[in-house]
Amino acid sequence: MKTFLSLLAYTLFFGLMVACKDDSANPNPVVTASGQTDLLVANPWLLDRVNDTSGQPIATGKLNLATTALYYLTMEFKANNTVRALDAKTKQVVNGGTWYLTADNKAIDVNVTGFKGQFPLVDLSRSKMTLRQRAPVNGVDTDVNLEFKPSL
């Protein structure tokens with residue numbers, strides 16, 4: 001069971017890294033890497049919902065196990081460029097690695113055990129983080145948005 005939870009946590013964590021931007025009054029704000037880092041590390045993040053790219057919610061029954069597992073993890077981005085995935089209930093660390101903003105500040109480059117890649121940032125504020133991920137929906141690889149909220 002522990003191996004299954006660890007595998008699920010790894011898979012969920014990997015799909016998590018995808019998209020962020022500032023949601024101020026300016027519709028096209030310029031957010032510096034420092035500003036994005038401040039927003040990412042401000043609080044731990046918990047997956048709230050998975051949507052298609054048009055904003056329509058995707059039922060969990062249509063998602064693969066790896067994406068569904070993200071609902072059970074709290075993601076912690078640290079200012080020292082480490083990231084940890086914690087079991088949302090027990091708060092035990094189940095996975096970890098490093099993260100960096102790409103040179104253009106439009107994606108997060110993640111290097112975690114069993115997962116490595118760049119994930120486009122869609123939305124980032126103190127109250128919401130949206131990452132884009134390519135994940136199976138009903139068995140077909142599809143771009144999805146992972147919407148996170150602060151974990152209290």
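Any value given below was found using the heavy atoms of this structure, including those in side chains, with hydrogens, waters and symmetry copies removed. Here the structure is a predicted model, which is why all the values come from computation and not from measurement.
Within the 4.5 Å cutoff, the side chain of Trp45 has heavy atoms near those of the Pro150 side chain. Considering only heavy atoms from C-beta on, Ile58 comes within 4.5 Å of Asp52 through its side chain. With a 4.5 Å cut-off on side-chain heavy atoms, Asn145 and Asp123 do not count as touching. Thr37 is listed as a side-chain neighbour of Leu101, based on a closest heavy-atom distance under 4.5 Å. Looking at heavy atoms from C-beta onward, Leu146 lies in side-chain contact with Thr67 at the 4.5 angstrom threshold. With a 4.5 Å cut-off on side-chain heavy atoms, Thr53 and Val144 do not count as touching.
Shortest non-hydrogen contact noted between Pro57 and Asn51 is CA-OD1, 3.2 Å. For Phe148 against Leu47, the heavy-atom pair with the smallest separation is CD2-N, 3.3 Å. Between Ala88 and Leu46, the shortest heavy-atom contact is CB-CD1, 4.1 Å. Smallest separation of non-hydrogen atoms from Asn43 and Arg126: OD1-O, 3.7 Å. When all heavy atoms are compared, the tightest approach of Tyr71 to Thr60 is CE1-CG2, 3.7 Å.
Expressed to the nearest 0.5 Å, how far CG of Leu40 lies from CE of Met129 amounts to 6.5 Å. Of the inter-residue distances, the one linking Gln36 atom CD with Lys106 atom NZ reads 10.5 Å to the nearest 0.5 angstrom. Between the CG atom of Asp109 and the OG1 atom of Thr98 there is a distance of 7.5 Å, given to the nearest 0.5 Å.
Looking only at distances, a side-chain donor or acceptor of Thr142 sits under 3.5 Å from a matching main-chain atom of Val140.
Every pair passing salt bridge (Lys or Arg N to Asp or Glu O under 4.0 Å) that includes a residue from residues 68-78 is listed here, sequence neighbours excluded: Glu76-Lys78, Glu76-Arg84. Sorted by first and then second residue, the salt bridge (Lys or Arg N to Asp or Glu O under 4.0 Å) pairs involving residues 42-51 (not counting sequence neighbours) are Asp48-Lys149, Arg49-Glu147.
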* Val137 and Leu63: side chain to side chain contact (heavy atoms under 4.5 Å, CB included), yes or no, with the steps? -> CA-CA 5 Å; Val137 176; Leu63 301 172; 4.2 Å; yes

* Asked: Checking side chain to side chain contact (heavy atoms under 4.5 Å, CB included) for the pair Leu39/Phe77: CA distance, chi angles, key distance, verdict?
  -> CA-CA 10 Å; Leu39 292 171; Phe77 295 91; over 6 Å; no

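Taking hydrophobic clusters as Ile, Leu, Val, Met, Phe, Trp and Tyr residues chained together by side-chain heavy-atom distances below 4.5 Å, Val83 shares a cluster with Ile108.
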